Protein chains: 2
Amino acid sequence: MNIRDLEYIKSVSKHLHFGDAALACHVSQPALSSQIKKLETELGVILFERDNRSVSVTDAGKDIIALAEDALSVIGNIYAAAETARDPLSGEFRIGSIPTIAPYLFPGFVTRSRAALPSLKLQFREDITDRLNEALLNGELDAAILATPPDSPKFNVIELYDEPFWVIFPENHDLQSFKRVRTKDLPTDELLLLAEGHCFRDQAMDVCRLDSSNETYTVRATSLETLINMVAARQGVTLVPAMALDPRRISGSGVDTQKLNDKSAYRRIYLTYRKSFPREALLQKMADVFCEGLPDTVKRIRG
Amino acid sequence: MNIRDLEYIKSVSKHLHFGDAALACHVSQPALSSQIKKLETELGVILFERDNRSVSVTDAGKDIIALAEDALSVIGNIYAAAETARDPLSGEFRIGSIPTIAPYLFPGFVTRSRAALPSLKLQFREDITDRLNEALLNGELDAAILATPPDSPKFNVIELYDEPFWVIFPENHDLQSFKRVRTKDLPTDELLLLAEGHCFRDQAMDVCRLDSSNETYTVRATSLETLINMVAARQGVTLVPAMALDPRRISGSGVDTQKLNDKSAYRRIYLTYRKSFPREALLQKMADVFCEGLPDTVKRIRG
DNA sequence: AATAATGATAAGCAAAACTTATGAATATAA
DNA sequence: TTATATTCATAAGTTTTGCTTATCATTATT
């Protein structure tokens with residue numbers, strides 16, 4: 001038996017036509033026919049029932065072709081493992097993050113990684129923490145940038161940075177008079193929050209010592225942009241993580257900002273990945289690239 | 001890459017010695033060495049670190065050899081599946097027959113095949129000839145027991161037996177006085193027939209030299225049971241093939257029977273299958289099992 | 001009856017894999 | 001130190017395998 005034979009029978013079972021199958025395998029039809037015949041002899045099993053007009057897969061053939069596809073998939077993994085071993089900084093990489101990080105962290109990262117990791121093919125996904133953790137577990141993602149500690153014993157993390165929280169309030173709001181705003185100064189009845197499922201909602205409620213029983217507002221934004229716009233419309237005040245403070249957006253938009261001055265008013269950002277993920281070197285390098293471009297409003301942990 | 005290459009690297013990783021590994025693979029040491037070198041070139045990864053005195057597996061090699069062992073295991077399953085499938089007397093088999101054969105032939109066949117073909121999983125279908133031929137052609141059936149010669153040049157047949165026709169008439173009918181009934185003696189105006197599409201209808205009309213223009217009756221039964229019951233109700237007389245004569249059903253039911261005494265008053269029963277069907281041995285065996293249990297009223301062709 | 005489609009077969013060639021013989025490096029023993 | 005043994009690599013030549021092109025046989029279509 002031969003790996004190519006497995007490709008041949010897979011191809012025939014797909015095309016149900018020896019000529020087309022051969023074409024797809026880049027060999028002549030007689031070559032494919034004779035290899036299949038030889039394999040059938042070796043196995044002692046007819047895989048395809050064919051007359052001069054049509055081809056079908058026998059019952060035994062179905063079982064064997066399913067196994068052949070399994071084997072080919074494992075062999076594909078061998079090539080992939082080799083490629084990874086050859087250069088862990090190349091290949092595909094799927095990374096996700098949450099709506100309160102991705103828009104502020106990923107754009108700069110893309111730019112810098114083009115230089116630092118030129119042969120890496122990145123794919124991004126933005127979703128809430130729970131779904132990212134799930135995607136990570138089942139292998140849909142290779143890593144995620146999260147604001148929560150590892151969710152599973154199968155995960156490892158690289159700690160990236162600590163991100164303080166800022167208050168955003170309308171111009172001429174009472175908060176303007178404070179030199180240093182602390183959580184106890186916040187008008188919790190005016191506080192605008194993200195929707196359920198967003199971890200920053202929980203984090204904001206946490207530093208303000210609110211729990212769900214305190215909820216009086218029906219505002220459920222799904223982005224910080226929305227929250228800031230609502231503050232500008234004098235609907236209330238809100239908290240945002242430091243990275244969301246874009247001076248160009250803030251200035252002249254009718255809102256003011258202050259750093260929240262409690263020691264505990266920050267969140268830690270992690271690069272999370274499966275312990276079994278084999279490209280450790282790539283993860284370290286990516287963590288570096290993430291941290292390179294961080295603004296001074298956050299506190300790096302690495303480097 | 002080659003399946004044998006996977007065996008080679010597995011062997012080397014086990015022995016950590018090229019000579020011993022080659023011995024275990026029944027090849028010369030240079031053959032094994034050169035194949036491994038070629039594989040390493042193909043993958044672009046060194047699998048074994050060797051100096052002239054010792055061999056060790058590289059980190060990349062460990063991953064790849066683990067995958068190679070996975071692949072070899074799946075390939076082992078292919079051989080195992082083939083071995084299971086090789087027994088042509090095992091597996092699924094879908095067979096069909098017509099309403100004037102199936103009820104009389106299949107029950108006994110099921111019983112006997114449980115002994116003779118214990119690992120065969122049989123599926124039965126009862127339908128009219130045309131639809132069985134169609135099902136056979138498009139692979140829905142593997143074989144059919146029919147009373148008509150092969151319908152397509154793609155079919156082969158095994159001839160099973162010749163089945164005489166019998167007359168069934170009400171007790172005290174005129175036919176009772178005949179020692180030997182011949183077709184010319186039949187009261188064709190009293191003849192009850194199956195519905196269109198049943199081959200036995202055509203066969204009965206044939207021996208009686210009737211054609212469709214002679215039709216005067218509206219009786220269109222779809223089973224011989226119905227015909228016999230109608231005869232018992234003195235609605236006419238009918239013909240049935242020999243296998244349909246169940247003495248237990250006939251005796252005391254108000255009907256009498258006589259074998260039709262013309263030489264040509266019989267039909268031949270065939271086991272029909274696609275020429276391309278690969279399990280010839282199974283078909284022969286099944287033909288034997290079918291013929292084993294035939295009553296003396298029919299004339300076997302085989303054995 | 002002619003044409004097209006399709007899988008099988010044949011003949012010849014090219015590539016791959018194997019064998020034996022030998023080389024090169026190094027550890028071991030005298 | 002020098003000879004010997006061990007071990008993987010290399011070389012040369014042969015066998016095996018797999019491929020290509022050309023062709024056949026069968027069957028469906030026009």
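Naming: A, B, ... by sequence-line order, numbering from 1 per chain. Fair warning: this is a prediction, and the values are worked out from it, not measured in the lab. Values reported hereafter were calculated over all heavy atoms of this structure, with side chains retained and with hydrogens, waters and symmetry mates removed.
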Working for salt bridge (Lys or Arg N to Asp or Glu O under 4.0 Å), residues B:Arg94 and B:Glu140: CA-CA 8 Å; B:Arg94 298 154 304 171; B:Glu140 289 168 34; over 6 Å; no

Residue whose nearest DNA chain D nucleotide is more 5′ - B:Lys275 or A:Ala31: A:Ala31

Exactly one of B:Ile158, B:Asp142, B:Leu282, B:Val157 clears side-chain contact (heavy atoms from CB on, under 4.5 Å) with B:Tyr273, and that residue is B:Ile158

Toward the 5' end of DNA chain C, by each residue's nearest nucleotide, A:Arg53 or A:Ser34: A:Arg53

Would you kindly give the CG-to-P distance between B:Leu23 and C:dT20, to the nearest whole Å? 12 Å

Among C:dT20, D:dA28, C:dC18, the one nearest any side-chain atom of B:Pro30 is C:dT20

Side-chain N,O (A:Arg50) to OP1/OP2 (C:dA8) below 4.0 Å: yes

What nucleic acid atoms does A:Gln35 come within less than 4.0 Å of, heavy atoms only: base, sugar-phosphate, or nothing? sugar-phosphate

Side chains of B:Ser33 and B:Gln29 only: does a donor on one sit below 3.5 Å from an acceptor on the other? yes

N/O (side chain, B:Ser28) to phosphate O (OP1/OP2, C:dT19) under 4.0 Å: yes

A:Glu49 and B:Ser276: side-chain donor and acceptor closer than 3.5 Å? yes

Side-chain atoms of A:Ser33 come closest, of D:dT10, D:dA28, C:dA8, to C:dA8

If you only use heavy atoms from C-beta on, which nucleotide in C:dG7, C:dC18, D:dA9 is closest to the side chain of A:Val55? C:dG7

Closest-nucleotide 5' rank along DNA chain D - winner of B:Ser152 and A:His26: A:His26

Nucleotide nearest B:Arg4 when distance is taken to its side chain, options C:dA4, C:dC18, D:dC8: C:dC18

Using the side-chain heavy atoms of A:Phe18, tell me which of these nucleotides is nearest: D:dC19, C:dT6, C:dA8. C:dA8

Within the 3.5 Å criterion, strictly below it, is a donor on B:Arg302 or B:Gln284 matched to an acceptor on the partner's side chain? yes

Between C:dA4 (C1') and A:His17 (NE2): distance, integer Å: 12 Å

Atom CD of A:Glu40 to atom P of C:dA8: distance rounded to whole Å? 8 Å

Taking only the side-chain heavy atoms of A:Tyr8 (C-beta and beyond), determine which of D:dA9, D:dT21, D:dC19 contains the nearest atom. D:dC19

Without decimals, in angstroms, what is the distance between A:Leu47 CG and C:dG7 C1'? 16 Å

Would you mind reading off the distance between B:Leu137 atom CG and D:dT27 atom C1', rounded to a whole angstrom? 13 Å

Has B:Lys154 got a side-chain N or O lying under 4.0 Å from the OP1 or OP2 atom of D:dA28? yes

